[in-house]
Structures are given as structure tokens and as C-alpha cells.
Number of protein chains: 2
Amino acid sequence: MSDHLENIPELAVSRLLRYHHILMGMSQGDVVSSSDLSEKTGYTAAQIRRDLTYFGQFGTPGRGYTVDSLRNAIADVLGINRESNVLIMGVGRVGAALLHYESFEKHRFHVVAAVDVDPEKVGLEMGRFKVRSVEDLSDIVTEGDIRMAILCVPPAQAQTAVEQLVRAGIRAILNLTAMPVDVPDDVSVRPVNLAVELEWLAMAQSRRGGSRGEKAVPETGFNEKKKGGD
Amino acid sequence: MSDHLENIPELAVSRLLRYHHILMGMSQGDVVSSSDLSEKTGYTAAQIRRDLTYFGQFGTPGRGYTVDSLRNAIADVLGINRESNVLIMGVGRVGAALLHYESFEKHRFHVVAAVDVDPEKVGLEMGRFKVRSVEDLSDIVTEGDIRMAILCVPPAQAQTAVEQLVRAGIRAILNLTAMPVDVPDDVSVRPVNLAVELEWLAMAQSRRGGSRGEKAVPETGFNEKKKGGD
DNA sequence: TAGATTGTTAATCGATTAACAATC
DNA sequence: TAGATTGTTAATCGATTAACAATC
């Protein structure tokens, strides 16, 4: 089994990441069926089973899958079954907020350093971190065995900051700056732009009620439930 | 022209949103060709032209598309050509950071209110906002003509907060809590989970170098550029 | 006009589905 | 055993591509 990631359709990969995330929220020992997962994801049970066969077989006919082992198998094939150290670049309001973010640990991401250009900020204690200077970036990255960074600098400084990160050895960047950046081919960037996320909601909105007025007293209807995930 | 959103393939819709975003970053008067957009997005020029024909024809053969009018046409069909008022639910570190976020305005999202349960926070001045109480939620939503909220409460309070929002009339929620929430059918939720975004980077990482050691002195190579978006 | 780029078609390619034999 | 659910196949469905006539 365990074909490799290259052979799995792009779209299946994104679903696999979703299954992985859901399985992380379940008790290790439980058993889950493709139709359970279907309910939680909205994908068909057939598709879920199909997705899994791209890289192996993990279930017991008549029973289902063990949460623990399925989660592990998916993590293995996706290559996310490892610990990663992470650096926060820019400790403005957003960066500072992320220094206190709890849920990274559960996913095996360890924030291990915070860096800023501003001499006023360098040396400050923030949460369990002491803010360090961009000038020490290479050392910090090497010593901390860091390959990933979260970019939280002001948009105008995004490109400069990225170049510093890359020069220091960072190979993956989560870009929260709302400013596109250029990187060499061997570096990954993942842009997260909250304004664009709001656009998705605006789209969904206009698809529904559209431009017409809302009901004065909205009914609550928490029965016909729908998952709106994390 | 202007077929409606329902008739456009799901995947094309997400590309359209991407084109829209790119066009927003260009000068209104400029002309852009499908191959220009191809370079910026990585999609083929043929696909881009195909995507546009799903809902009309906007170009001039031999010339290309006017940035302004193409952006507008896309925004119209996606239904994102309107102003929206937005409420921030929970002014912890993340919520407070978003109160100072600049780039929403450019996308026609107006943050107009900040709300918290904590009596210690209610009444505080934060940026240009005075934090208001959850108890006044319905009034705030009605008076402010608000349909969208950004959820920044602690994970444990996510579901409760969502129910309050829905009861107050909110119809679209950007969920930054890393906790899945249930909503009625007529409410949209868009989850944004930074840990999951980091997983994407981890996947990309393992697909490349994998587990082997990095070069001691990484070369910089900012020539073979690659767009790593905003 | 010559050069460029659109809009559209038909062919190809890939992903999803439904069904069911195999298995626990 | 009876009931349940997997893994897998073949058929269907949809999306992408390449090519080119139409147009500026």
C-alpha cells in the first residue's frame, strides 16, 4: 500500500486533509464508518472510500475504520505526521495574538520564536517569548531548527520580510499580510486573506436571500443543523 | 449575458474570485489579456477565457479585457459588488487585532461594531470602537444593518456565541475559533483555521525536500519567481 | 493590413457515482 | 448466520484543453 502523494488527485488531497482534521477531533479508539464521515463532511460515502483506496486499505468490512489508525495513515501519506517548529515574523497586533494561540500544539506545530524589525519591540517579553531582532534571524532559524514562518508584518514590508526569511533558511511561509509576495521555487507560501474569506460569505449571502429584506424576527431553527467547521 | 451563479461550476467560481482579487490590485484603466492573468494565477489562458464565457463576454479580440469592467462583471456575477457591515464578536487578542485591520475597507467590508460577553471589556474604547455588550446584540445588529460577523471568542464559547449571533439576525459568520459550530440552514459559516493552513505548508514541505537535511548555506534565487499571493 | 487575442467548439482527460461481490 | 460496511469496478458525468475562426 501507501502509494505516494503525487498519485493522488489534487481534490482528493484536500478532502484527505479534511478527514484528518475531523479524525483529530474524535476519540482514538472509536470506530468510524465512511457514512459517518459522509455526514460530517457532506461528501458521499462512496467518495470517501474511493479517496482512501488511492493509498491503501484501512478498514474492516462490516465495521468501519479505527479512528486512530486511519488518522495515522492519512497523516503519513500527506506527510504531516511530523513535528514542526514555527517562527512568528512581526509582532504587531496579529503576531502578538498568535504568540498566545493554543491550538497549534495539538497539530504538532511549535511556535518557538518571535522576531521583529522594530528596535522598540526587540527584547520585549510577550507571553513566553522574548522578541528577537531580525538581524539574528539566521541564527534563530538554525538553532531552533525552524523551517516554517508565519508572516504578520505590515503589508508594505511583506516582500522584504519574506526575503529575509528565505535567506535565513525558512522554506514555508504562512502569509497573513494581504499582500502577494514572490518567493523562489523551493519555498512554499500559503496566503490567508480574511477579506477574501469574507467575500466567500458575501457570495453565499447573495446566492440565498439576495438583495431582498430580511425577516424582522428571524426564526431560530437550530434543528436542521449544518456543520460550519473550525 | 450574465447567466447566474448556479450555472457556473464550483471550481470556476473559486477561480473567478481569484481573478477578481487580482484585478482589484491593478489600475482601473489598464487592459489585461487572458495570458497576463494566466501568468499571475498559474491557470491556462484557455481556462481563464472559458471561465469568463460561463456568464458573458467582456473582451476585445486582439486587445484583451479592461481591468475595470472585467472586475465589475465578475463581482456582479459573484454577487460581491455590495457594501457589507461586519461585527466583531469577542475582543480578545485576535478580535482586538482585527478592529485595527485596514484591508477590509478596500473590499467594501465595514467593521461597524465590537461585542464581548466580558463585563470588564464592555465599555472599553478600542481603536475607533467602544466595546458593546452581548446583551445588546439584537439592537446592534438591527441598527447597524449588519448581516456578517467575525467570530473571535475562545473555542469553548464558540457554539454559544454563534447561537447568539444567529438569534440577533446575523446570517454569515467567519469562524476563527478553530472549533466547528452548528448553524441553521440559512446561515453560512466559513471556517478559517490557521493550524490547518500550516498543515498545507507541511504537506508541501514533505513533498519537496522531505526529511533530508537542508543545505547549510541556502542559495537565494529570487529570480525564478513564483507568486505566493496575499 | 498584420498582429494579437478573444469566444467557442469538439476531443480529451479526470473525477464522481452507483452498484455489488467480498469480508468481517 | 444475518447485518453491516468495506474495497473496487465500470459507467457516468463534468471539467480542461487545444485549436481556430472571428474580430479588433
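Numbered from 1 within each chain, the chains take letters A, B, ... in sequence-line order. Every heavy atom of this structure was used, including side-chain atoms; hydrogens, water molecules and symmetry mates were not.
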Side chain to side chain donor-acceptor pair (under 3.5 Å) against B:E197, all qualifying residues, sequence neighbours excluded: A:R190

Excluding sequence neighbours, so at least two apart, what forms salt bridge (Lys or Arg N to Asp or Glu O under 4.0 Å) with B:D51? B:R15

Start at the 5' end of DNA chain C and walk down; is the nucleotide closest to A:A46 or to A:G62 reached first? A:A46

side-chain contact (heavy atoms from CB on, under 4.5 Å) partner of B:L16, the single match among B:L11, B:I74, B:I48: B:I74

Distance-minimising heavy-atom pair for B:P155 and B:M179: O-CG, 3.6 Å

B:L194 side, atom CG; A:H107 side, atom NE2 - distance, nearest 0.5 Å: 10.5 Å

Looking at every strand, decide which applies to B:T53 at a 4.0 Å heavy-atom threshold: base, sugar-phosphate, or nothing. base

Base, sugar-phosphate or nothing for A:R49? Non-hydrogen atoms, less than 4.0 Å. base

Intra- and interstrand pairs of DNA chain C - dot-bracket, Watson-Crick/G-U under 3.5 Å, | marks other strand: ..||||||||||||||||||||||

Base, sugar-phosphate or nothing for A:S34? Non-hydrogen atoms, less than 4.0 Å. sugar-phosphate

Residues passing the side chain to side chain donor-acceptor pair (under 3.5 Å) test with A:E105, sequence neighbours excluded, are A:H110

Around B:R93, counting heavy atoms of other residues, nucleotides and ligands shown, do more than 12 lie under 6.0 Å from its CZ? no

Checking B:T53 now: which residues fulfil side chain to side chain donor-acceptor pair (under 3.5 Å) with it, not counting sequence neighbours? B:R50

Segment of DNA chain D, first to last nucleotide, that comes within the 4.0 Å heavy-atom reach of chain A: D:dA4 to D:dT9

